[in-house]
Colleague: 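Quick one: structure below, then a few questions.
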There are 2 protein chains.
Amino acid sequence: MKETATQILDAAEAMMRDGGYHAFSFREIATKLSIKSASVHYHFTTKEALGNAVTQRYTNNFLAALGEPQTHSDPIDHYIDHYIALFRQSLEADGRPCLCGILASESGRLPESMRDTLKEFNSKNLTWLEGSLSNRQDWTNHHRQEMAHIAFSALEGAMIFASLNQEAGHMVRVGDRLKTLLAA
Amino acid sequence: MKETATQILDAAEAMMRDGGYHAFSFREIATKLSIKSASVHYHFTTKEALGNAVTQRYTNNFLAALGEPQTHSDPIDHYIDHYIALFRQSLEADGRPCLCGILASESGRLPESMRDTLKEFNSKNLTWLEGSLSNRQDWTNHHRQEMAHIAFSALEGAMIFASLNQEAGHMVRVGDRLKTLLAA
DNA sequence: TGGAACCTATCTACCACTAGATAGATAGGT
DNA sequence: ACCTATCTATCTAGTGGTAGATAGGTTCCA
């Protein structure tokens, strides 16, 4: 059996990816794990602390799965496939979109500390994407940056769209088309 | 002075665009308008009703501002500029992103009726975009559809990203680059 | 005088969070 | 080997506060 703290993180992540930070409660997590909400507070003192823990774990997992783009010299398709596959997996594994996209969209009512974590997720993703485009030497730095922004935005947007329609296919099509745009 | 019902819709829309459906309350709206929460219930019986009213008004305003793309024969830049300008305005007017993007991202915990309204917003936007691409006769229907999907997803994603960073510039850059991609 | 708009007062259910207790495991000293 | 102290993880019971919602009264204008 997994550690309780891990189970709490898992449950909170699932709920946050369903409806964001404001759509879950300690009680709901407790009920799901057949413990009391006080026990959830034992592991994570405040809701903000739990939210940050979930977001940080998600970010770390995501970045770890990305790896370092600079160390390879594969063709660009390889990176883009890899990147898109991660987003796709996130959605197809349990029908829930990327945590950080969801949280970013309610950033206006999020604790400051969580906004910082989200900004880090975004900037690290962009850095990775820009790095993976570095072997497109026919592009200027500025162009690479912009294309990275487009790719990231489009994937986040597509995932949200796909989750509303419960249709991972949309995500896949946008991803494929994006790949041809970036590798063309 | 505006009608109370309209003021309620305005306040609710602002709050929903800050943090989504779960991040505002009748009491909060009442306080902002210096009335009591019971009076808000007089105008909108349930939260779901208010949420739907806000979403439907937003959708209608947005679609009305879009107009009918088929009736013109302007170059493609015109449509895209027009479309992007709407998203941009939404963000720059009050620093808040598109309502429907935010709500879509918490669709997992939204009343069914609101999900339907959101799907309508999305499909009508895509129809409009596809229509505006119809004078790209060098593209197949399928290609036009995919490019419309990409454009829509990228703009929604970019807006969410921009709102997190309080930086409308990002939105603008993605929009411009997108335009060149569609008009190229 | 009747109805629209708003009120007071209240309800039930839930929220995040805390205090205090307890069972069970672990560790250290004698 | 036993005792003591501490730690972990959970509990019960409760805090003050807020959620959405409602019944019934007041005000005011046409």
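Just so we're on the same page: letters track the sequence lines, and every chain starts at 1.
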Colleague: Just the rounded figure in Å: distance from P of C:dC15 to NE2 of A:H22.
Modeller: 14 Å
Colleague: Can you figure out which of D:dT10, D:dA21, C:dT18 approaches the side chain of A:Y42 most closely?
Modeller: D:dT10
Colleague: Can you tell me which nucleotide in D:dA19, D:dT22, C:dA16 comes closest to the side chain of B:S25?
Modeller: D:dA19
Colleague: Just call it for A:F26: base, sugar-phosphate, or nothing, with non-hydrogen atoms closer than 4.0 Å on any strand.
Modeller: sugar-phosphate
Colleague: Using the side-chain heavy atoms of B:R27, tell me which of these nucleotides is nearest: D:dT18, D:dT10, C:dT18.
Modeller: D:dT18
Colleague: If you check the A:K47 side chain, which of D:dA9, C:dA16, D:dT22 turns out closest?
Modeller: C:dA16
Colleague: Can you tell me the distance, in whole Å, between the CD1 atom of A:I29 and the P atom of C:dC17?
Modeller: 12 Å
Colleague: Between B:Q7 (CD) and C:dA5 (C1'), how many Å, whole number?
Modeller: 13 Å
Colleague: Is there a donor in the side chain of A:E48 and an acceptor in the side chain of A:S113, or the other way round, less than 3.5 Å apart?
Modeller: yes
Colleague: Please state whether the phosphate of D:dT10, meaning OP1 or OP2, lies under 4.0 angstrom from any side-chain nitrogen or oxygen of A:H43.
Modeller: yes
Colleague: Please check the phosphate of C:dC6 (OP1 and OP2 only) for any side-chain N or O of B:K36 closer than 4.0 Å.
Modeller: no
Colleague: I need the minimum non-hydrogen distance between B:A65 and B:L86, along with the two atoms involved.
Modeller: CB-CD2, 3.7 Å
Colleague: How many whole angstroms separate atom CZ of B:F24 from atom C1' of D:dT18?
Modeller: 15 Å
Colleague: Describe the nucleic acid contact of A:T4 in one word from base, sugar-phosphate, nothing, applying a heavy-atom distance below 4.0 Å.
Modeller: sugar-phosphate
Colleague: Find the partner of D:dG17: check Watson-Crick (N1-N3 plus N6-O4 or O6-N4) and G-U wobble (N1-O2, O6-N3) distances, both under 3.5 Å, and reply none if neither fits.
Modeller: C:dC14
Colleague: Could you tell me how far apart B:E3 (CD) and C:dA4 (P) are, to the nearest whole angstrom?
Modeller: 13 Å
Colleague: Under 6.0 Å between ring centres, would you say that holds for A:F152 and A:Y83?
Modeller: no
Colleague: Separation of A:I35 atom CD1 from D:dT10 atom C1', in whole Å?
Modeller: 8 Å
Colleague: Given that both distances must come in under 3.5 Å, which nucleotide forms a Watson-Crick or G-U wobble pair with C:dT30?
Modeller: D:dA1
Colleague: Within the 3.5 Å criterion, strictly below it, is a donor on A:S163 or A:R17 matched to an acceptor on the partner's side chain?
Modeller: no
Colleague: Under 4.0 angstrom, heavy atoms only, what part of the nucleic acid is B:S39 near: base, sugar-phosphate, or nothing?
Modeller: base
Colleague: Could you tell me which non-hydrogen atom of B:T59 sits nearest to which non-hydrogen atom of B:C100, and how far apart they are?
Modeller: OG1-SG, 4.1 Å
Colleague: Quick one: B:H41 NE2 to C:dA5 C1', roughly how many Å, whole number?
Modeller: 16 Å
Colleague: What is the distance, rounded to the nearest whole Å, between atom CZ of A:F44 and atom C1' of D:dT8?
Modeller: 15 Å
